[in-house]
Amino acid sequence: MGISYIPHTDADRRAMMAAIGISSIDELFADIPEEVRLRRPLRLPPALSEPELVAHLEELAAANPASGMVCFLGGGVYDHFIPSVVPYLAGRGEFATAYTPYQPEVSQGTLRAIFEFQTMIAELTGLDVANASMYDGATALTEAALMAVNVARRERVVVLGTVHPEYRQVLATYAEGQRLPVTTVAVDGRLGTTDMADLERALEGEDVACVLVQQPNFYGCLEPVHEIAARVKARGALLVVSTDPISLGLLEAPGRYGADIVVGDGQALGLPMAFGGPHFGFFACRAEHVRRMPGRIVGQTVDREGRTGYVLTLQTREQHIRRDRATSNICTNHSLMALAGTVYLAALGPRGLRRVAELCLQKAHYLAERIAGLPGFDLVFEAPFFKEFVIRCDRPGFDPAAVAREAGYLVGPDLGRWEAGRRGQLLVAVTEQRTRRELDGLVAAWGVAR
Amino acid sequence: MGISYIPHTDADRRAMMAAIGISSIDELFADIPEEVRLRRPLRLPPALSEPELVAHLEELAAANPASGMVCFLGGGVYDHFIPSVVPYLAGRGEFATAYTPYQPEVSQGTLRAIFEFQTMIAELTGLDVANASMYDGATALTEAALMAVNVARRERVVVLGTVHPEYRQVLATYAEGQRLPVTTVAVDGRLGTTDMADLERALEGEDVACVLVQQPNFYGCLEPVHEIAARVKARGALLVVSTDPISLGLLEAPGRYGADIVVGDGQALGLPMAFGGPHFGFFACRAEHVRRMPGRIVGQTVDREGRTGYVLTLQTREQHIRRDRATSNICTNHSLMALAGTVYLAALGPRGLRRVAELCLQKAHYLAERIAGLPGFDLVFEAPFFKEFVIRCDRPGFDPAAVAREAGYLVGPDLGRWEAGRRGQLLVAVTEQRTRRELDGLVAAWGVAR
Amino acid sequence: MTDTANRSTSGPGGLHTGGSGGHAALPAAAEPGPEPLIFEYSRPGRGGAWLPEPDVPVRPVEDLVPRELLRREPPALPEVAEVDLVRHYTRLSQMNHAVDTGFYPLGSCTMKYNPKVNERVAELPGFSRLHPYVPDELAQGALRLMYDLERALCEIGGMARATLQPAAGAHGELTGILLIRAYHESRGEGHRHKVIVPDSAHGTNPATAAMAGYKVVEVASDERGGVDLAELERVLDEDVAALMLTNPNTLGLFDENIHRIAEMVHEAGGLLYYDGANANAILGISRPGDMGFDVVHFNLHKTFSTPHGGGGPGSGPVGVTEKLVPFLPAPLVERDPETGRYYLDENRPQAIGRMRSFYGNFAILVRAYAYIRALGPEGLRQVSEDAVLNANYVMRQLAEYFRLPYDRVCKHEFVLSASNLRERTGVRALDVAKRLLDFGIHPPTIYFPLIVEEALMIEPTETESKETLDRFVAVMKRIAEEAEREPDLVKEAPHTTPVRRLDEALAARRPVLRWRPEGAA
Amino acid sequence: MTDTANRSTSGPGGLHTGGSGGHAALPAAAEPGPEPLIFEYSRPGRGGAWLPEPDVPVRPVEDLVPRELLRREPPALPEVAEVDLVRHYTRLSQMNHAVDTGFYPLGSCTMKYNPKVNERVAELPGFSRLHPYVPDELAQGALRLMYDLERALCEIGGMARATLQPAAGAHGELTGILLIRAYHESRGEGHRHKVIVPDSAHGTNPATAAMAGYKVVEVASDERGGVDLAELERVLDEDVAALMLTNPNTLGLFDENIHRIAEMVHEAGGLLYYDGANANAILGISRPGDMGFDVVHFNLHKTFSTPHGGGGPGSGPVGVTEKLVPFLPAPLVERDPETGRYYLDENRPQAIGRMRSFYGNFAILVRAYAYIRALGPEGLRQVSEDAVLNANYVMRQLAEYFRLPYDRVCKHEFVLSASNLRERTGVRALDVAKRLLDFGIHPPTIYFPLIVEEALMIEPTETESKETLDRFVAVMKRIAEEAEREPDLVKEAPHTTPVRRLDEALAARRPVLRWRPEGAA
Ligand SMILES: Cc1ncc(COP(=O)(O)O)c(C=O)c1O
Ligand SMILES: Cc1ncc(COP(=O)(O)O)c(C=O)c1O
């Protein structure tokens, strides 16, 4: 039998070769010099039929028992509930198998959805405009820094030490390419938020383009954003805020406290954790900076009969027009994930989003309090938090993550992964999905186990 | 919060009541006499939000460990492979959430698919026409008997003892309603096929409307259908054949050996086992009998601009026109399942279907031979078989089904479920999905276990 | 009798998509023609390539199967590439109107929104990969679901027990009537051979009674749309086995005499059968059992939100009062009170037999169960209240433009008549229906019930918003105006659908019921 | 700068579906207007009702979060019923052209069929419910898949190791260029500050080089469409860090001098970067590593069949030769040869850093892995052979009607020019593209590469049948004829799409980038 994805029969191939006027397919590859040809079959496992393929992948999937455990893991990806309409609608073939909407007349579905997405992100963040998506939260934050450097015509980037370490690593990688100096602000070890004195020091000089803030921060704590904003503004730098979109159901829109650019990762908005991707990054800014914004933007216009329609617009910012002077090299973004996020937000509405945020908040605080009451356990930081917090345990020889795992619960990550001095400190994230039974179960596992 | 499936806000309700001119919703129920009103809330568990609902159903689903075991169960439902395109396409909302295509101008999708289905069933069975589907194989066979009684203007129905016992039970239930005499033909206990002498006896008299045959029969054995057909025809009765559609990739089309009506269950054609339903029944007959056929039929026609289109046709057979003189009371059939079957057959094509049938045949025979070689094990019947066969084991105190289950394999059902005399005899079905490792694994479990 | 389907030829300029449209060349605007049949994509040797090689020793087929039993000619199934398969059925789907694409006020069919979460849970492998003959111990989740669903349906219907076997409404009816027959026979009253149905009844009611071997006796409706009590009195005698009724009836009207009707039938020794197609009006408000019905079927594919699938699958569970329980088909799901284990009880000596293979349309039961659990008692009552509110809201407004044959509060649906239009303009109910298609709205059920001429039977359901209803009213009003001003616009409708009005007479006169390759006989 | 989006008003007769179309009243034919935005379905208090009540003691929010951090005004997200949500996005989806609905020969984008089995396996809960920070021991299946995919991509590209982190092609490019920079720096050659790109290159190539801090130097193409060797010689000096190339290039032509080019660049101390966007031509036929490339990225969303999603997600793994391996970003998946366990190795002291959070677009990797396993070595080679066959088959036939600027055997795609039409009839490549829409065909990429005027860049892919290609050729021929006979028909196209040609200039001049409620500022 042939290969399912390829329609040609040998008869088809013969007819086509005859039409071209060749007698062997090799003639079509005559332009490939001998010395660069592969003269052997690829060393790959043999083809699998569909049933074999499904069985093989099911076996691999089954070899990830973590996927069946109760998830208190945090650090940028969260086990939120995914309403059934989200994958159902975003999975429709007409959305999934379309390209970037270069031909607007036959892409109004995608274009309208992106326009809706831009509107929702602008609403959530309290800014004027949003783009059609970025790869993820980390690259969105990094591109925000690069944009701020452009807007401010200054070079130095200040990043709070409470920003997700992986986001800071990505920033460092990109900054290294452009030789941008990056200053990291120290953490107040008691509060778990920014050391304001150190921020003040970092802002000295008139060379700071922007300050990158994460709210809620990597430790789950709430930064004093009004105070931070005041200091950043006083120095003429741009304020860039990276945020958990779920938190915006409850927390002030960053645009309202002075953020110039707001970014974040959209995984929490109806996307599976999927071992880290694909998710999407969102990116919003003030109207006056839109022509420096990276990424695709959809705008409204009219067709020749005066009907409303939507197109990709302001493309002169982009690589396919501006080439080496583009605002970014981004081309393909994460449109389908952004569509899922759009459906999620439309499914929840403002009240639903607030409810999710409140459930996270209440459940996280219930659990934190109960854990703090366990002998030997302790909350590491004192600042208020949203849905995530850091714990430590000083019972000798007791490994809380391992004990939890035995009982079917996943907690973490261990902050030692990034900060040696915090080895043994664990992030605990609580989403609206976690039931009281699970919360109490985790506490019980730590209460009784030895 | 409100109820997700209901859009009305209280403001909407008030506006609508005002428009109607009522001040309380109760006014709309004033026509329901007090004595038949329910004066208390329904005694049902309280509403679950979507996350709770999903968690609850996932818990119930997880409480069916059989679903994760290797399935050699037979008896009318089989663990065949479902190509990924089948649920993907049949699950599209435009197919799933449409009603019966009463308005053909906006139902051409469903109508065209049914027309394709009718064609494929006609091709498979070797008959002229097929209907749009029945509930399942058992009711299809029963309706075939009722139709044959009508066509033949005779009353007695003869059914072979090798027809699926549940199908015979359904036949009995319906026949009881219409007071039709049913004669069951004995089984040749050595071969596992029909006792031809008893068939001859059953056919005596000129009152037999039809003979119901299952090929491959309930024991998996192949009936001598040519010989049966000859005898049935000789008596002027109609030949009704119930068949496994997968087998028709390899076995002669019943229309070719004289069947007047061919029916069967379509589960094997790309439908999940789903604890027994929904599947679909298929129903094909000769052109000259079409006006006695039960169920919906789609026909081709033209629109007012001469374009080809499809409509429900020959409706004067049906209950909504003919009422108590209809060919059947069937209204809603199993259209969506038939669509899945259509996609399945189109995905496989003639060579694919043959391949599935051959794989079943070869693997079943490999396994049968290996089981027969096990000490104490034995094949019960001698007739040739297709993908299913009956085994027994005379090792004292040894329960083969239980031992297999321990090792993760499901075999059966035990024929004792229907025939006390065959308690301990087990059906074993082998589909193309069963790998040699699984076949050998089952044999090993029986070889070593005690 | 069957005939060759026209197959459009397509030269290189004749352009494939226009296939079945029979266009020789594209029109200037090149609007793509209707999608052809899958067979037209078929090429010998293409597709069908997803199967593994055998991993067991292969023996010649002829050694395993007697040669005369082997197929001589392969079936002419299509041979298509996967991409063409996907495109074909995707395009076909786009030719359908569906609840997922627009308003669907098809009376008697309860085309409410089908929650997507129900699809998600029904597809869980723990349900979908379950063979019906697995041991009970390994399917406790499925059995418990069935047990709890049965209890919920009994509570809603006011019944004692129920069978989940029936695959659709009509199948439930047959089950119910056979139960009634078994009941009478058990009491030595096998002579009862008549079933009464109102003249407003759905066709499945008389068809079912006939199929169960009964003689059908029609009873007329009175001027308020209910059963005419005098008429009923007249036809009730000792030969009557049952009266089949739906309440609210097919006019969408609640029969206020239901209590009296039940008394009369019971006094005559008959039983009352409840056709649950219209149960969407009464959830938590009134129970058939309390009305006096002895047997009830529900259409899970109507009232309980399971998708209709373009004609099924449905599910038609049947509930009965205590005295009929012994006759319910085997198996029922029972719960061992000691161990809490659920099991299939096949041991039902008085059962009428079996109505189908296995236990019912299980995956549909899962959806209905999920629906009931999502709504809870208050939610279910809200469903009926809003369904009735929506119907009255639309009825009140449309009564200005169409004739309202029974002017009283309706329940979840109502019936208008286009006879006023017809008399004045010649525009018929059918024309109104077809014109609605141009506005992206599915028409009401038409010409049913039979007792209303030019009937338009409208069931908005509770899942439609006020805005959707307002738009429907506006469009209906507009069509009524068009009928006066520009009747041909309506009579020639639809204008914007993938095909226009189809010649149904031709289809029946010269039936073409399957595709055949070009040139075939 | 932004402005209020027009919102159509809809009185009761103004009919909802026409919303954004701004129709005051429906036209006689009542063709439904374009679907409005989700916001237009919103009503205060509707929807959003799927959340449980808290099951823990609830404390006042203000006790937990400082009051000044709390949101003062809720975001104006839409409030819609679930049925309207489903209808809205279902209808939107139907306004898209997609691979699932028709032919999509969009050059450089490799719009091949996206197998549905890939979706099925990517959605398995064992993959989709996996948090990225789970312990390695509990995610062995995922790690093994990544490990094996990396090996397969390395084998296909002729590379030593690869990172799966990059989220798209451009992201892979940036990763690759940063790797090259790290390599040079490690050798004390940090002064190299130029990257050479051909004038035919995709915009992401120069944009990437600039983003990585490099100066971009363009090199011209020769008359056969390849890199002009003399030009290359001229620009190569000790400041050159890399040459970025795609081969076959954006003209669909294989650069026969690739070996010489590699030698020249390497001699100058530079490295060669392979933009894998066009890898669909070379699977199992020629490997970038064997051509002399040092760094390669693949677009899994092109060559390896993962769906493009209307603009992503993609995945752009980057492979490198041995000497660049130390610089690959952390983590890589490694396998402990003793235990056979897989683990994430974060300990990569020379790594360039991290390119994104976590490990890559894992669910896309699953799909690409499934694709490679489904095809195997022969299948992958067949993919490229048939992709090239299809392109040449179409090219040969279209060369009669359009100008073929480089008349040689092409690879998986080719570039035509509509300059012949334009000169004679004024019909431009854009017009041809728009006219194709009327026939249900997605247009080729137009006006790229920049070195061909009126460019039409056509990539049929291997998943299209001969019949589909024949139809495309027929339609293109017909459009060429229309251009001569009836140019306005083409210039005014499309005629049959949900909206007609859109005013892009207006969109840019007066940007309306978000919806606002009627009457808002
Ligand atoms: C009043 C009534 N009774 C019975 C039925 C039959 O139900 P089903 O189609 O599920 O067999 C219907 C279906 O339309 C109906 O409306
Ligand atoms: C030749 C070429 N290079 C690079 C890219 C960029 O890839 P991506 O869109 O995945 O970032 C593209 C995509 O269109 C391309 O065609």
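So you know, we letter chains A, B, ... as the sequences are listed, proteins then strands, and number each from 1. No experiment lies behind these values; they were computed from the predicted model shown.
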Report which part of A:Leu250 has an atom under 4.5 Å of a heavy atom belonging to chain D: side chain, backbone, both, or neither. both
D:Pro377 and A:Pro45 have their tightest heavy-atom pair at CD-O, 3.3 Å
Do any N or O atoms from the side chain of A:Gln319 and from the backbone of D:Thr204 form a donor-acceptor pair under 3.5 angstrom? yes
Under a 4.5 Å heavy-atom cut-off, does chain D meet the side chain of A:Glu318, its backbone, both or neither? neither
What distance separates A:Leu314 CG from D:Glu504 CD, expressed to the nearest 0.5 Å? 11.5 Å
Between the side chains of D:Arg500 and A:Glu105, is the shortest nitrogen-to-carboxylate-oxygen separation below 4.0 Å, so that they form an ion pair? no
Please classify the contact of A:Glu116 with chain D as side chain, backbone, both or neither, using a heavy-atom distance under 4.5 Å. both
Carefully, step by step, assess A:Leu336 and D:His308 under the rule side-chain contact (heavy atoms from CB on, under 4.5 Å). CA-CA 8 Å; A:Leu336 193 66; D:His308 203 282; over 6 Å; no
Check: A:Thr97/D:Asn114 side-chain N/O donor and acceptor closer than 3.5 Å: no
Nearest-0.5 Å distance, CG of residue D:Leu130 to CG of residue A:Asn64: 5.0 Å
Kindly say whether D:Ala209 contributes a backbone atom to a donor-acceptor pair with the side chain of A:Asp324 at under 3.5 angstrom? no
Quick one: are D:Leu51 and A:Arg355 in side-chain contact, heavy atoms under 4.5 Å? yes
Walk me through whether A:Thr110 and D:Asn96 qualify under side-chain hydrogen bond (donor to acceptor under 3.5 Å, both in side chains). CA-CA 7 Å; A:Thr110 294; D:Asn96 270 4; 2.8 Å; yes
Residue D:Met291 versus chain A: region with a heavy atom under 4.5 Å: both
Under 4.5 Å between any side-chain heavy atoms of D:Phe358 and A:Asp136, yes or no? no
Going through the checks in order, is the side-chain hydrogen bond (donor to acceptor under 3.5 Å, both in side chains) test met by A:His334 and D:Asn361? CA-CA 10 Å; A:His334 277 197; D:Asn361 280 343; 3.1 Å; yes
Is A:Ala253 in contact with chain D via its backbone, its side chain, both, or neither, using a 4.5 Å heavy-atom distance? both
Any donor and acceptor pair, going by atom type alone, linking the side chain of A:Arg351 with main-chain N or O of D:Gly47 inside 3.5 Å? yes
Can you tell me which portion of A:Ile32 sits under 4.5 Å from chain D's heavy atoms? Options are side chain, backbone, both or neither. both
Could you tell me whether the side chain of D:Arg356 and the main chain of A:Thr139 form a donor-acceptor pair under 3.5 Å? no
D:Phe448 and A:His320: aromatic ring centres closer than 6.0 Å? no
Given D:Leu77 and A:Leu348, is the side-chain contact (heavy atoms from CB on, under 4.5 Å) satisfied, shown in steps? CA-CA 8 Å; D:Leu77 298 173; A:Leu348 262 71; over 6 Å; no
Assess the side chains of A:Arg92 and D:Ser93: does a donor N or O sit below 3.5 Å from an acceptor N or O? yes
Please report the C-alpha distance between A:Ile20 and D:Leu389 in whole Å, then the side-chain angles of each, then the deciding distance to 0.1 Å, and finally whether the side-chain contact (heavy atoms from CB on, under 4.5 Å) criterion is met. CA-CA 9 Å; A:Ile20 300 173; D:Leu389 177 65; 3.8 Å; yes
Got a second to check how far A:Leu42's CG is from D:Arg381's CZ, nearest 0.5 Å? 9.0 Å
Pairwise distance CD(A:Glu166) to CZ(D:Arg354) - rounded to 0.5 angstrom: 3.5 Å
Closer than 3.5 angstrom, by distance alone: can the side chain of D:Asp55 be matched with the main-chain N or O of A:Arg436 as a donor-acceptor pair? yes
State whether the side chain of A:Gln178 and the backbone N or O of D:Met211 hold a donor-acceptor pair below 3.5 Å, judged by distance alone. yes
To the nearest 0.5 Å, tell me how far D:Glu35 CD sits from A:Gln108 CD. 11.5 Å
Does any heavy atom of chain D fall under 4.5 Å from the side chain of A:Pro83, the backbone, both, or neither of them? side chain
Do we see a donor-acceptor contact under 3.5 Å between the side chains of D:Arg59 and A:His365? no
Under 3.5 Å, is there a donor-acceptor pair between the side chain of D:Ser286 and the main chain of A:Val36? yes
Counting heavy-atom pairs under 4.5 angstrom with chain A, the leader among D:Ala370, D:Ala212, D:Gly126 is D:Gly126
If only atom types and distance count, is the side chain of D:His97 paired as donor or acceptor with the main-chain N or O of A:Ser107 below 3.5 Å? no
The interface call for A:Ala113 against chain D, heavy-atom contacts under 4.5 Å, is both
Given 3.5 Å as the limit, does a donor-acceptor pair link the side chain of A:Asp12 with the main chain of D:Lys466, or not? no
Which value, rounded to the nearest 0.5 Å, describes the distance between A:Leu44 atom CG and D:Leu375 atom CG? 10.5 Å
Check for a donor-acceptor pair, side chain of A:Thr313 on one end and backbone N or O of D:Ala508 on the other, with a separation under 3.5 Å. yes
Could you walk me through whether A:Arg13 and D:Gln382 satisfy the side-chain contact (heavy atoms from CB on, under 4.5 Å) test, starting with their C-alpha distance in whole Å, then the side-chain angles of each, then the deciding distance to 0.1 Å, before giving a yes or no? CA-CA 11 Å; A:Arg13 292 195 185 95; D:Gln382 189 72 60; 3.2 Å; yes
So, for D:Leu502 and A:Gly309, which heavy atoms are closest and what is the spacing to 0.1 Å? CD2-CA, 3.7 Å
Under 6.0 Å between ring centres: does that hold for D:Tyr359 and A:Phe275? yes
Side chain from CB out, backbone as N, CA, C, O: work out which of these in A:Arg256 comes under 4.5 Å of a heavy atom of chain D, or both, or neither. both
Okay, A:Ser328 and chain D: the region with an atom under 4.5 Å from a heavy atom over there is both
Which atoms of A:Ile25 approach chain D - backbone, side chain, both or neither, heavy atom under 4.5 Å: side chain
Heavy-atom pair of closest approach, residues D:Leu124 and A:Leu57: CD1-O, 3.8 Å
Within the 4.5 Å heavy-atom criterion, are D:Leu92 and A:Phe95 side-chain neighbours or not? yes
